[in-house]
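What follows is a short report on a single structure.
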Amino acid sequence: MIKGRTVATAVIGAAALLLCLPSAEAAQCGSSPAGFEAWKREFSAEAQGKGIGQTAISALMQTNYASATIAADRGQRSFSLSLDQFLAKRGATTIVAKGRQLKQSQAALFASIQQRYGVPPGPLIAIWGMETGFGSQRGNQNMLSSIATLAYDCRRPEFFTDQLYAALKLIDRGTLSGSTRGSMHGEVGQTQFMPKNILAYGTGNLEVAANALNSTANFLKAHGWRAGAGYQPGEANFAAIEAWNAAGVYQKAIALMGRQIDEGGGAAASR
């Protein structure tokens with residue numbers, strides 16, 4: 001009896017110890033480059049178990065810890081500016097002036113987008129100008145390294161783990177590759193799509209402006225955009241702009257610049 005109780009106690013103790021150990025199912029996050037290589041091996045094993053193919057796994061294993069991405073993620077100060085400061089910093093006057101020209105020169109493209117998705121040119125052009133200066137500044141960071149680094153980093157691992165799985169699926173499909181370049185957080189294309197949004201709303205190669213603009217309109221429509229409704233703060237379509245970017249000052253800037261592009265006339269910072 002004594003021996004049996006001892007064995008039972010040992011089994012219960014061992015089970016309790018196992019419950020206290022970290023889960024073996026999830027790779028452990030880190031806050032420095034030191035653990036990145038070990039994390040990649042753990043994550044790759046998990047990803048293979050979830051059906052990610054060898055092409056994407058190989059690309060993941062070749063990624064490097066993106067120190068510049070971490071620095072950018074910690075230093076997003078422009079979103080704390082006032083609206084006027086934000087507009088000035090982001091070059092709103094130039095975006096609106098160039099945007100009006102593009103609305104005229106690419107009228108057929110914007111008409112087809114509006115007919116299909118109900119989204120007028122103004123907010124699409126404002127997003128295009130804000131995100132990449134109309135395609136001139138799409139970023140030169142390795143997309144997969146940026147996203148893998150942020151998935152490993154302890155600040156927001158859940159959000160970027162989802163983005164990493166989406167990126168790996170896109171690499172398996174041949175839509176992206178391990179050498180795809182993008183911005184600091186892994187955004188790619190003319191209007192800067194994250195991988196999950198490419199999977200859900202992407203229409204063709206997003207480095208091509210027409211595809212990126214159609215995809216952006218597709219995103220906005222999927223998030224409640226109603227043809228003919230207003231898109232200023234408090235109006236029906238502003239929620240779709242909010243879904244595009246979580247920063248309040250960014251949302252207001254897009255709405256304001258979009259209205260100025262659609263209506264024409266007036267200074268970029270006018271109300």
Side-chain angles (χ1 to χ4, degrees), residues 90 92 94-139 143 163 166-167 170 173 175-176 180 182-183 185-264 268:
R90 293 298 185 98
T94 300
I95 290 173
V96 170
K98 177 69 172 175
R100 289 172 182 158
Q101 295 172 5
L102 288 165
K103 180 185 172 185
Q104 296 300 319
S105 65
Q106 301 191 33
L109 169 63
F110 289 111
S112 71
I113 292 173
Q114 185 162 6
Q115 182 176 23
R116 182 171 184 180
Y117 299 105
V119 182
L124 293 176
I125 294 172
I127 288 171
W128 187 17
M130 178 77 79
E131 293 289 351
T132 66
F134 306 106
S136 65
Q137 300 169 19
R138 283 173 273 173
M143 176 274 303
Q163 298 293 342
L170 290 164
R173 294 179 184 182
T175 304
L176 300 177
T180 296
S183 294
H185 289 76
E187 311 96 324
V188 299
Q190 295 267 342
T191 56
Q192 300 287 273
F193 266 64
M194 293 295 289
K196 279 188 72 175
N197 286 338
I198 296 174
L199 282 176
Y201 312 110
T203 59
N205 180 358
L206 299 183
E207 301 298 334
V208 176
N211 293 337
L213 292 164
N214 271 279
S215 299
T216 305
N218 189 28
F219 175 98
L220 294 172
K221 182 180 180 181
H223 287 81
W225 193 281
R226 299 206 317 261
Y231 56 83
Q232 297 306 300
E235 296 182 325
N237 287 330
F238 190 68
I241 296 175
E242 290 177 313
W244 177 263
N245 188 292
V249 69
Y250 178 105
Q251 298 157 5
K252 293 173 184 175
I254 293 300
L256 177 62
M257 291 190 296
R259 184 180 69 195
Q260 291 162 356
I261 293 166
D262 277 335
E263 294 179 351

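This is a predicted model, so every value here is computed, not measured. Basis for what follows: all heavy atoms, side chains included, without hydrogens, waters or symmetry-related copies.
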Verify, without hydrogens or angle tests, whether [X] (side chain) and [Y] (backbone) share a donor-acceptor contact under 3.5 angstrom.
X: Asn214; Y: Ala210; value: yes
X: Thr132; Y: Arg138; value: no
X: Arg259; Y: Leu256; value: no
X: Thr180; Y: Leu176; value: no

Inset, instruction - In sequence, state the C-alpha distance, the side-chain angles, and the governing distance for Thr191 and Trp244, and then conclude on side-chain contact (heavy atoms from CB on, under 4.5 Å). - result: CA-CA 11 Å; Thr191 56; Trp244 177 263; 4.2 Å; yes
So which heavy atom on [X] is nearest to which on [Y], and how close?
X: Ala217; Y: Ile113; answer: CB-CG2, 3.6 Å
X: Val188; Y: Gly182; answer: CG1-CA, 4.1 Å
X: His223; Y: Ala243; answer: CD2-CB, 3.4 Å

Inset, instruction - Mind jotting down which residue pairs meet the side-chain hydrogen bond (donor to acceptor under 3.5 Å, both in side chains) criterion with at least one end in residues 227-236? Sequence neighbours excluded, please. - result: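 Qualifying pairs: Tyr231-Asp262.
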Quick one: side-chain contact (heavy atoms from CB on, under 4.5 Å) partners of [X], sequence neighbours excluded?
X: Gln114; result: Pro120, Pro121
X: Ala236; result: Arg226, Ala229
X: Ala111; result: none

Inset, instruction - Enumerate the residue pairs fulfilling salt bridge (charged side-chain N to carboxylate O under 4.0 Å, His left out) with a member in residues 242-252, sequence neighbours excluded, ordered by first and then second residue. - result: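 For residues 242-252: none.
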Nearest 0.5 angstrom please: [X] [atom1] to [Y] [atom2], how far?
X: Leu124; Y: Leu220; atom1: CG; atom2: CG; answer: 6.5 Å
X: Lys98; Y: Ser136; atom1: NZ; atom2: OG; answer: 9.5 Å
X: Ile261; Y: Lys103; atom1: CD1; atom2: NZ; answer: 8.5 Å
X: Leu213; Y: Gln106; atom1: CG; atom2: CD; answer: 7.5 Å
X: Arg90; Y: Met257; atom1: CZ; atom2: CE; answer: 9.0 Å
X: Met143; Y: Gln163; atom1: CE; atom2: CD; answer: 10.5 Å

Mind checking what makes side-chain hydrogen bond (donor to acceptor under 3.5 Å, both in side chains) contact with [X], not counting sequence neighbours?
X: Glu187; value: none
X: Trp225; value: none
X: Asn197; value: none
X: Ser183; value: Gln192

Legend entry - Set of ring pair (Phe, Tyr, Trp, His ring centres under 6.0 Å) partners for Phe238, sequence neighbours left out: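 By the ring pair (Phe, Tyr, Trp, His ring centres under 6.0 Å) rule, Phe238 matches no residue at all.
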Legend entry - Counterpart residues, ring pair (Phe, Tyr, Trp, His ring centres under 6.0 Å), relative to Tyr117 (two or more places apart):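 With neighbours one apart ignored, the set is empty.
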Inset, instruction - Applying side-chain contact (heavy atoms from CB on, under 4.5 Å), run through Tyr250 and Ile127 and close with a yes or a no. - result: CA-CA 10 Å; Tyr250 178 105; Ile127 288 171; 4.3 Å; yes
Legend entry - Ring geometry between Trp128 and Phe110 (parallel below 30°, tilted from 30 to 60°, perpendicular above 60°):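 Tilted.
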Per-pair distances, 0.1 Å, donor-acceptor, side chain in residues 198-206, under 3.5 Å, sequence neighbours excluded:
from: Thr203; atom 1: OG1; to: Asn211; atom 2: O; distance (Å): 3.3
from: Thr203; atom 1: OG1; to: Ser215; atom 2: OG; distance (Å): 2.9
from: Asn205; atom 1: OD1; to: Glu207; atom 2: N; distance (Å): 2.9

